[in-house]
Trainee: 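My structure is below; once you've seen it, I'll send some questions.
The structure displayed is predicted, hence computed values, not measured ones. These numbers come from the heavy atoms of this one structure, side chains and all, not from hydrogens, waters or symmetry mates. Ligands are counted one by one from 1 in listed order, and the atoms in each one are counted from 1 as well.
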Amino acid sequence: MARTAAERGAGVITYAEATDIEPTRVHIRDRLTGDEHTLRARQIVNAAGVWSDTLSDEVELAPSKGSHILVPAARLGDPQAAITAPVPGHFGRYVFAVPWHNGLVMIGLTDDPHHGPIPDRALPDEGEEAFLLDTINAVLEDKLTTDDIVGGYAGFRPLIKSSDSTDSADLSRRHALLRDSRTGALTIVGGKLTAYRRMAEDAVDDVVKVGGLRAGGCRTTELGLVGKGTPAPGLPDRLVAVYGTDAATVVAYGDADPSFNEPVREGIPLTGAEVRFAVDHELAVTIEDVIDRRTRWGLVDADRADLYDAVARLAPELTTESRG
Ligand SMILES: Cc1cc2nc3c(=O)[nH]c(=O)nc-3n(C[C@H](O)[C@H](O)[C@H](O)COP(=O)(O)OP(=O)(O)OC[C@H]3O[C@@H](n4cnc5c(N)ncnc54)[C@H](O)[C@@H]3O)c2cc1C
């Protein structure tokens with residue numbers, strides 16, 4: 001999505017943390033160098049998700065943590081479809097075991113209120129692992145244990161605070177536009193990933209109207225994302241599934257140097273070509289960008305050290321946030 005925006009003239013700057021907003025000014029800190037800058041803009045949009053309340057005192061969120069665990073698919077008999085287990089005591093709430101890639105199944109997810117600061121990277125805690133295992137085990141003959149867990153990840157839903165409910169699973173998933181009375185910045189928050197285009201349209205319409213900006217009509221209902229279209233014949237299915245028509249660009253690295261077609265390690269199909277694509281086309285500047293964000297190969301704990309070494313070798317220009 002960011003690449004599609006960049007293709008149409010948007011400036012994309014990663015690791016630029018907004019530390020404070022003033023009317024028509026945003027203070028920025030470079031998370032990699034610590035350098036500080038001030039940007040000026042007629043209209044400012046705060047789209048910092050579950051962190052958006054750190055940039056506007058008037059945004060009140062009730063974050064909810066959602067955790068997933070990964071287990072080997074073989075432990076569930078290599079399922080080809082999702083397994084669904086009802087959450088006891090809840091109507092219409094389920095835990096899913098969904099076939100993921102590379103012989104793994106992802107089991108999720110939790111929905112628990114979270115209090116306190118939101119970390120950059122979160123993992124399931126012991127209680128969440130136990131909840132997911134207990135719930136899915138109710139429909140399995142061969143029960144899973146914590147020894148089967150090979151990895152996992154967690155995120156925080158940016159739910160908007162409501163006085164009506166204390167159960168985060170009941171809070172509205174609708175999005176909201178909020179104008180900060182002190183800074184004039186617009187916060188767009190809440191909502192669902194599936195509604196991202198509509199959220200962006202609502203936010204842009206608002207800044208155009210309030211800021212008196214000149215703009216044409218919204219075009220994103222018709223706009224495909226980069227990688228759309230019919231891929232050239234003969235491209236590997238796995239790469240087409242991830243990159244669409246851009247699979248051809250990934251494959252070209254291997255055509256120029258066949259060593260880029262090699263998996264970074266036995267058991268991890270990520271290739272050198274994909275690492276180079278992340279750096280050259282997807283603005284990856286750290287090893288974590290490659291293994292956690294542009295790809296998701298870093299989710300298996302036992303693979304992380306090898307991934308760090310392989311990516312550092314293939315893309316020596318990358319820095320790292322922290323080794324681990
Ligand atoms: C576990 C989980 C499961 C979910 N499942 C679904 C689902 O199945 N379907 C669905 O539609 N939705 C789902 N959602 C909801 C969906 O992920 C969110 O609604 C969506 O990501 C919100 O998008 P956003 O752009 O507002 O925020 P985010 O995607 O969180 O993006 C905010 C961005 O702002 C950046 N940022 C934060 N602070 C600053 C700062 N100070 N300066 C600069 N940048 C900053 C962050 O790094 C981040 O990149 C799920 C959410 C979670 C947590």
Side-chain angles (χ1 to χ4, degrees), residues 1-2 5 10-22 25-32 34-39 41 44-57 59 61-70 82 84 92-96 98 100 106-114 117-125 128 131-132 152-160 168-169 171-178 180 183 185-204 282-286 288-289 292-294 296 299 321:
M1 204 183 314
V12 178
I13 308 172
T14 58
Y15 290 96
E17 178 184 6
T19 52
D20 193 22
I21 300 179
E22 292 177 49
R25 274 201 299 207
V26 182
H27 298 281
I28 303 287
R29 190 172 66 91
D30 183 326
R31 295 274 295 248
L32 296 175
D35 291 350
E36 299 193 343
H37 307 272
T38 300
L39 301 180
I44 297 165
V45 177
N46 167 17
V50 73
W51 295 271
S52 57
D53 57 355
T54 64
L55 294 169
S56 170
D57 296 338
V59 175
L61 299 180
S64 147
K65 187 176 178 191
S67 291
H68 298 81
I69 53 174
L70 292 169
T84 305
R93 212 188 132 197
Y94 299 89
V95 162
F96 300 94
V98 182
W100 205 52
M106 178 175 288
I107 302 175
L109 74 174
T110 62
D111 195 339
D112 298 313
H114 173 84
I118 306 287
D120 284 355
R121 183 167 187 262
L123 292 169
D125 65 26
E128 290 155 356
F131 163 80
L132 293 172
Y153 71 95
F156 298 88
R157 300 175 187 84
L159 305 182
I160 297 164
S168 59
L171 286 179
S172 167
R173 264 59 171 168
R174 291 179 71 83
H175 66 275
L177 297 178
L178 308 159
D180 188 282
T183 66
L186 176 73
T187 297
I188 170 94
V189 69
K192 303 276 290 174
L193 204 53
T194 40
Y196 78 89
R197 197 211 60 79
R198 183 58 201 259
M199 290 170 68
E201 181 179 349
D202 288 352
V204 172
E282 297 182 316
L283 215 61
V285 293
T286 64
E288 291 81 1
D289 279 345
D292 293 329
R293 304 187 186 103
R294 306 309 182 267
R296 315 238 27 217
L299 291 185
E321 290 169 25

Trainee: Could you tell me whether R121 and E288 have a side-chain N and a carboxylate O separated by less than 4.0 Å?
Mentor: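 No, no charged N to carboxylate O under 4.0 Å.
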Trainee: Are side-chain heavy atoms of L178 and V189 found at a separation under 4.5 Å?
Mentor: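 Side chain of L178 against side chain of V189, heavy atoms only: contact under 4.5 Å found.
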Trainee: Which heavy atom in D202 sits nearest to a heavy atom in L177, and how many Å separate them?
Mentor: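 For D202 and L177, the tightest heavy-atom pair comes out as O-CD1, 3.7 Å.
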Trainee: Testing the basics here: between L109 and F131, what is the closest heavy-atom pair and its distance to 0.1 Å?
Mentor: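 Scanning both residues completely, I find the closest heavy atoms to be O-CE2, 4.3 Å.
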Trainee: Indicate yes or no for a side-chain donor-acceptor contact from S52 to the backbone of G49 under 3.5 Å, with no hydrogens or angles considered.
Mentor: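 Confirmed, S52 side chain pairs with G49 backbone.
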Trainee: May I have a table of the N/O to N/O pairs between ligand 1 and the protein that fall below 3.5 Å, each row giving the two atom names and the distance to 0.1 Å?
Mentor:
unit_1: ligand 1; atom_1: 11 (O); unit_2: L193; atom_2: N; d: 2.9
unit_1: ligand 1; atom_1: 11 (O); unit_2: T194; atom_2: N; d: 3.0
unit_1: ligand 1; atom_1: 11 (O); unit_2: T194; atom_2: OG1; d: 3.0
unit_1: ligand 1; atom_1: 12 (N); unit_2: L193; atom_2: N; d: 3.1
unit_1: ligand 1; atom_1: 19 (O); unit_2: G191; atom_2: O; d: 3.0
unit_1: ligand 1; atom_1: 41 (N); unit_2: A18; atom_2: O; d: 2.9
unit_1: ligand 1; atom_1: 42 (N); unit_2: A18; atom_2: N; d: 2.8

Trainee: With a 6.0 Å cut-off (strictly less than), is the heavy-atom count around CZ of R29, excluding the residue itself, greater than 12?
Mentor: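 Enclosed: over 12 neighbouring heavy atoms sit under 6.0 Å from CZ of R29.
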